[in-house]
Amino acid sequence: MHRLGSHILCRNIIPKCELEAHYDALLQSYNSLPTLGQIHSSLTTTGFIRQSPHLGARILLRYTKFGHSEKARHLFDNIPNGPNSFLWNTMLRAYTNGSHFSQTLVLYSLMRKTGIKPNNYTYPFVLKACAAQACVVEGNMVHCDVIRTGFDSDVHVEAGLVDMYAKCGAINEGRKVFDEMSSRDVVCWTAMITAYEQAERAESALNLFYKMQQEGLSMDSITAVTVASAVGQLGDTKKALTVHGYVILSDLVWDVCVGNSIIAMYAKCGEVEKALLVFDDMRERDGITWNSMLSCYIHNGLASEALFLFDKMQASDVKPNPVTALVMVSACAFLGSKNVGKKIHDFIVTSDMEIDVMLHNAIMDMYAKCGDLGTCLKMFDRTPSSELNASSWNALISGYGMHGLGREALEIFTRMKEEGVEPNHITFTSVLSACSHVGLIDEGRRCFAEMEKSSVIPEAKHYACMVDMLGRAGRLHETYELIKKMPSQPSDAVWGALLLACRIHGYTDLGKVAANQLFHLEPEHTGYYVLMSNIYAASSKWQEVGKLRQYMKNKGLRKPAAFSVIEFGDEVYGFHTADQLNPFRRDVYRKVEALAEEMKMAGYMPDRSCVLHDVEEEDKDQILNYHCEKLAVAFGLMKIEPGLDIHITKNLRVCNDCHSALKIISNIYGRKIVVRDANRFHHFQGGSCSCKDYW
DNA sequence: ATAGGGTTAG
């Protein structure tokens with residue numbers, strides 16, 4: 001600041017133009033806000049700022065660069081003879097870029113009142129502010145000004161208008177502007193395509209994209225990303241391949257953002273291998289690239305592949321970020337892999353990444369879903385209540401519920417309300433299903449009534465919980481009445497819950513009502529055909545059973561593969577019934593057959609009704625032996641040292657036969673076996689299950 | 001001297 005001071009002292013002997021040049025140079029070379037403030041204040045105290053509008057404008061510009069719109073505005077208001085158009089635009093830009101959108105609009109109306117003429121640079125800033133706040137009325141007024149001042153054929157202004165209308169939800173207005181343009185460049189096309197994509201009108205977006213190509217315009221990386229997102233919405237592999245082709249032809253695949261969006265597009269189309277090919281071919285990968293590939297695996301049911309890729313990511317030059325952590329933690333929750341989950345938790349704690357509420361909640365949820373309620377509760381208790389939100393409480397409530405601890409879940413629900421946290425739709429789902437798992441009917445009814453009085457609108461999933469709860473408890477007619485009273489169309493979950501209740505309690509006719517709805521709503525869902533044929537079988541209606549089976553055969557419907565995973569050390573091992581590739585299959589199959597003999601000695605009788613295949617009766621026992629949860633248990637008994645619990649996660653519900661077998665096995669081997677199925681936890685110990693056979 | 005389209009991981 002010495003130089004600056006000397007200039008001020010010598011101001012009387014240096015001509016004004018030279019002084020301006022000096023300050024210009026100073027402003028160029030000093031790039032920090034404090035210095036700028038010092039220059040500003042010395043210019044103010046010496047009064048130069050009044051003598052030289054040029055310097056004032058310079059400082060104003062600098063202030064806007066640092067995002068200090070207030071300081072800039074102060075200078076703006078004190079410019080002798082008022083600011084020129086350029087400075088008006090600069091000031092508007094400062095507000096818009098600083099997200100002070102209402103200030104932009106206020107200043108714009110001041111500009112009009114003052115009689116300053118807006119120009120082609122003015123409108124984009126103002127339109128952006130309207131778009132950001134979805135001010136369609138103001139936007140419309142600006143549009144009128146645009147027409148009045150004759151800037152309605154400027155391509156930048158027009159693109160701004162299209163975008164403004166789209167962001168205000170007035171797509172058709174935007175389209176009108178778009179259609180009336182005399183010439184459109186790639187930006188305008190992309191603005192219009194994005195408008196459709198954002199409005200979830202993916203077909204329209206793609207049609208417009210094809211039209212753009214027909215007109216001979218080539219896309220750029222932004223177009224590519226938007227179009228890929230539109231295809232992702234449709235989940236259409238054929239279209240995905242076409243878009244991928246265009247991207248290759250336009251030489252855009254090497255753009256990281258484009259590559260990322262192509263991976264996400266394939267992920268949403270269920271094309272894991274294609275996504276992986278793109279991933280492997282990328283020349284450059286950022287955090288989003290890795291996270292996209294990880295979540296591609298997870299959303300397509302390949303969580304163990306995700307764990308493998310996560311290790312590779314740690315060895316790469318891109319380090320995991322909080323989103324990576326979130327993706328991985330939920331993968332572990334899905335798989336029920338507590339050891340891996342803990343490893344990732346440790347990684348999160350030791351790396352210095354920021355843990356926000358969302359991640360914190362996801363970790364608690366992971367522990368609960370991996371059967372470690374203790375750690376979940378400990379984390380909850382150690383968190384200051386100011387840092388807990390509804391999802392934190394939900395994690396605990398659903399955790400207790402899944403373990404069949406309905407009373408505890410209700411207690412937490414009460415505490416949550418006492419602490420002033422508003423329950424949301426997930427809270428009510430968790431509470432209702434907690435009640436359902438243990439048959440707390442009165443409490444469940446009370447919660448449902450409470451929800452009807454609260455601001456949470458009961459959705460189909462809440463009705464499904466109620467139907468499940470009442471149905472399991474045998475109150476089938478009450479259930480049916482509830483369904484008839486539903487304000488919306490009953491979903492497949494609702495009818496499914498009723499069908500299950502009919503299976504449990506042997507109601508054939510009501511079952512048929514539910515099944516007919518389901519066959520209509522979800523014709524491809526095999527589980528419902530299986531349930532209905534179980535109902536027929538239970539009342540010896542073999543002809544009907546045969547008819548259903550034939551129907552499934554004709555339609556080529558197959559039961560989704562049952563799958564169990566078990567953790568051993570830091571590895572996750574998967575088992576499914578006809579797995580010829582499993583490296584442990586020989587030992588495991590031998591063990592499972594030995595188990596069958598041991599169980600028979602302890603009084604086990606295979607439940608052949610659990611086998612739907614059309615095979616000889618003796619062969620059914622073999623099929624039962626190879627059910628995936630039995631294979632996983634056999635593996636666990638061989639590998640996991642005595643004294644440790646055996647944890648298994650299954651993608652479907654445990655079948656009746658496996659449920660009774662696991663009870664007996666827990667008794668013979670004196671081990672605790674914890675199984676999480678599609679609905680809840682079963683803790684097998686000493687010959688009985690924590691669900692008390694109510695499931 | 002100033003301007004328009006942005007999603008992709010959750």
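Below 30°, between 30° and 60°, or above 60°: for A/Phe380 and A/Trp393 the angle between ring planes is above 60°, a perpendicular geometry. Under the 30°/60° scheme for interplanar angles, the aromatic rings of A/Trp290 and A/Phe279 are found to stand perpendicular. Ring geometry for A/Tyr210 versus A/Tyr246: interplanar angle of 30 to 60°, hence tilted.
For A/Lys167, a side-chain nitrogen or oxygen approaches OP1 or OP2 of B/dG6 to under 4.0 Å. Taking only side-chain nitrogens and oxygens, A/His299 comes nearer than 4.0 Å to OP1 or OP2 of B/dG10. Checking the phosphate oxygens (OP1, OP2) of B/dA3, no side-chain nitrogen or oxygen of A/Lys128 falls inside 4.0 Å. Contact annotation: A/Thr226 side-chain N/O to B/dT7 OP1/OP2 distance is not under 4.0 Å. OP1 or OP2 of B/dG10 has at least one side-chain nitrogen or oxygen of A/Ser295 nearer than 4.0 Å.
To the nearest angstrom, C1' of B/dG4 lies 9 Å from CE of A/Met181. Separating the OH atom of A/Tyr196 from the P atom of B/dG6 is a distance of 16 Å, rounded to the nearest angstrom. The nearest whole Å value for the distance from the CG atom in A/Asp163 to the P atom in B/dT7 is 10 Å. Distance CG (A/Asp185) to C1' (B/dA3): 12 Å, rounded to an integer number of Å. To the nearest angstrom, C1' of B/dG4 lies 16 Å from CG of A/Asp152. If you measure from atom CZ of A/Arg62 to atom P of B/dT2, you get 14 Å, rounded to the nearest angstrom. One atom, CH2 of A/Trp88, and another, C1' of B/dA3, lie 19 Å apart when rounded to the nearest Å. Between A/Tyr123 atom OH and B/dG5 atom C1' there is a gap of 21 Å when expressed in whole angstrom units.
A/Arg676 approaches A/Phe334 most closely through the heavy-atom pair NH2-O, 2.7 Å. Among all heavy-atom pairs drawn from A/Ile355 and A/His360, the shortest one is CG2-N, 3.9 Å. Across every non-hydrogen atom of A/Met293 and A/Val272, the tightest pair is CE-O, 4.1 Å.
Considering only side-chain atoms of A/Val187, the nucleotide from B/dA3, B/dG4, B/dG6 that sits closest is B/dG4. Considering only side-chain atoms of A/Ala159, the nucleotide from B/dG5, B/dG10, B/dG4 that sits closest is B/dG4. Of the candidate nucleotides B/dT2, B/dA9, B/dG10, B/dG10 has the atom nearest to the side chain of A/Leu326. Across B/dT7, B/dG4, B/dA9, the shortest atom-to-atom separation from the side chain of A/Lys268 is found for B/dA9. Among B/dT2, B/dA9, B/dG4, the nucleotide with an atom closest to any side-chain atom of A/Val155 is B/dG4. Closest contact between the side chain of A/Arg93 and the listed nucleotides B/dG5, B/dT2, B/dT8 involves B/dT2. In the set B/dA3, B/dT7, B/dG5, the nucleotide with an atom closest to the side chain of A/Val225 is B/dT7.
A/Val327 comes within contact range of the sugar-phosphate backbone alone, with a heavy-atom separation under 4.0 Å but no base atom that close. Counting non-hydrogen atoms under 4.0 angstrom, A/Cys296 reaches nothing in the nucleic acid. Within 4.0 Å of A/Gln233, counting heavy atoms only, lies no atom of the nucleic acid at all. Counting non-hydrogen atoms under 4.0 angstrom, A/Asn89 reaches a base of the nucleic acid. Using a 4.0 Å heavy-atom cutoff across all strands shown, A/Ile222 reaches at least one base atom of the nucleic acid. Residue-level contact check: A/Ser221 touches neither bases nor backbone, having no heavy atom under 4.0 Å from any strand.
Residue side chain A/His156 fails the stacking definition with respect to B/dG4, as its ring centre and the base's six-membered ring centre are not both under 5.5 angstrom apart and under 30 degrees in plane angle.
Remark: the A/Asp154 side chain and the B/dG4 base include no donor-acceptor N/O pair separated by less than 3.5 Å. Applying the 3.5 Å distance criterion, the base of B/dG5 shares a donor-acceptor pair with the side chain of A/Asp220.
Under the 4.5 Å side-chain criterion, counting only non-hydrogen atoms from C-beta, A/Lys117 is not in contact with A/Thr149.
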